[in-house]
Amino acid sequence: MYPKLIDLKTVSTPNLGSLSFFEANHDIPFPIKRIYYIHGVAKNIQRGAHAHKQLKQLLFCPYGSVKILMDDGHYKADVILDDPSKGLIITPCVWRDMLWLVENSVLCVAASDYYDEGDYIRDYNEFITWINR
Ligand code: TYD
């Protein structure tokens with residue numbers, strides 16, 4: 001499994017807060033075709049329960065705390081995104097769940113491709129078959 005936690009470049013200004021940024025192809029290893037974000041979620045809600053066949057993603061949490069649980073069919077790992085300057089790169093073929101640790105946390109995703117339901121695997125047994133194909 002190759003999910004990778006990265007430090008997003010961050011510029012801090014005394015008394016004015018911080019600004020974090022990333023650039024496609026420079027700071028993350030793929031072009032970005034889509035940004036989406038999940039918001040308005042209550043504490044302890046879990047979303048996800050899918051893998052992607054091709055899609056690469058950078059997940060980051062600009063507000064709150066979300067636990068990302070990952071499973072590549074062999075190993076499981078989890079990461080808590082609770083700092084706006086942290087990012088998590090998820091490669092294809094990783095089953096993931098996202099657990100909201102703090103109400104109204106915002107989970108943002110920069111994705112390598114447009115939305116395509118055909119790229120999703122939403123059945124865990126199908127996921128295991130896919131990775132062992
Ligand atoms: P989904 O990826 O299943 O969300 P989560 O993994 O957080 O539970 O997407 C939820 C719904 O939103 C699903 O009906 C597909 C739709 N959707 C789009 O139409 N475009 C998008 O870019 C995304 C990410 C989802």
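Both ligands and their constituent atoms are indexed starting at 1 by order of listing.
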Legend entry - Co-membership, hydrophobic cluster, residues Val94 and Leu99, 4.5 Å side-chain: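 No, Val94 does not connect to Leu99 through the hydrophobic network.
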
Inset, instruction - Indicate if Leu101 and Ile68 have the same hydrophobic cluster label, given that clusters are the connected sets of ILVMFWY residues with side-chain heavy-atom separations under 4.5 angstrom. - result: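 Result: no, two separate clusters.
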
Inset, instruction - Using the side chain to side chain contact (heavy atoms under 4.5 Å, CB included) rule, take Ile121 and Lys53 through it: C-alpha gap first, then chi angles, then the decisive distance, then the call. - result: CA-CA 7 Å; Ile121 306 171; Lys53 297 174 185 169; 3.9 Å; yes

Could you identify the single nearest non-hydrogen protein atom to [atom] and state the distance to 0.1 Å?
atom	answer
atom 22 (O) of ligand 1	Arg34 NH1, 2.5 Å
atom 7 (O) of ligand 1	Arg47 NE, 2.9 Å
atom 25 (C) of ligand 1	Tyr115 CE1, 3.8 Å

Inset, instruction - Would you kindly specify which portion of Arg96 sits under 4.0 Å from ligand 1, judged on non-hydrogen atoms: side chain, backbone, both or neither? - result: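 No part of Arg96 is near ligand 1 at this cut-off.
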
Legend entry - Structural part of Ile38 in contact with ligand 1, heavy atom criterion under 4.0 angstrom: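 Side chain only.
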
Check each atom of ligand 1 against the heavy atoms of [X] and keep those under 4.0 Å away; list them by number with element.
X	answer
Arg122	1 (P), 3 (O)
His50	2 (O), 6 (O)
Met98	6 (O), 7 (O)
Tyr36	24 (C)
Tyr120	1 (P), 2 (O), 24 (C)

Is there a side-chain contact between [X] and [Y], using heavy atoms and a 4.5 Å cut-off?
X	Y	answer
Ile6	Ile28	yes
Lys67	Gln46	no
Phe60	Phe22	yes
Ile80	Ser65	yes

Legend entry - Note: Lys33-Asp113 ion pair, threshold 4.0 Å (strictly below):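 Salt bridge present between Lys33 and Asp113.
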
Inset, instruction - State whether any protein heavy atom lies less than 4.0 Å from atom 12 (O) of ligand 1. - result: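 For atom 12 (O) of ligand 1 the answer is no, since every protein heavy atom stays at 4.0 Å or beyond.
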
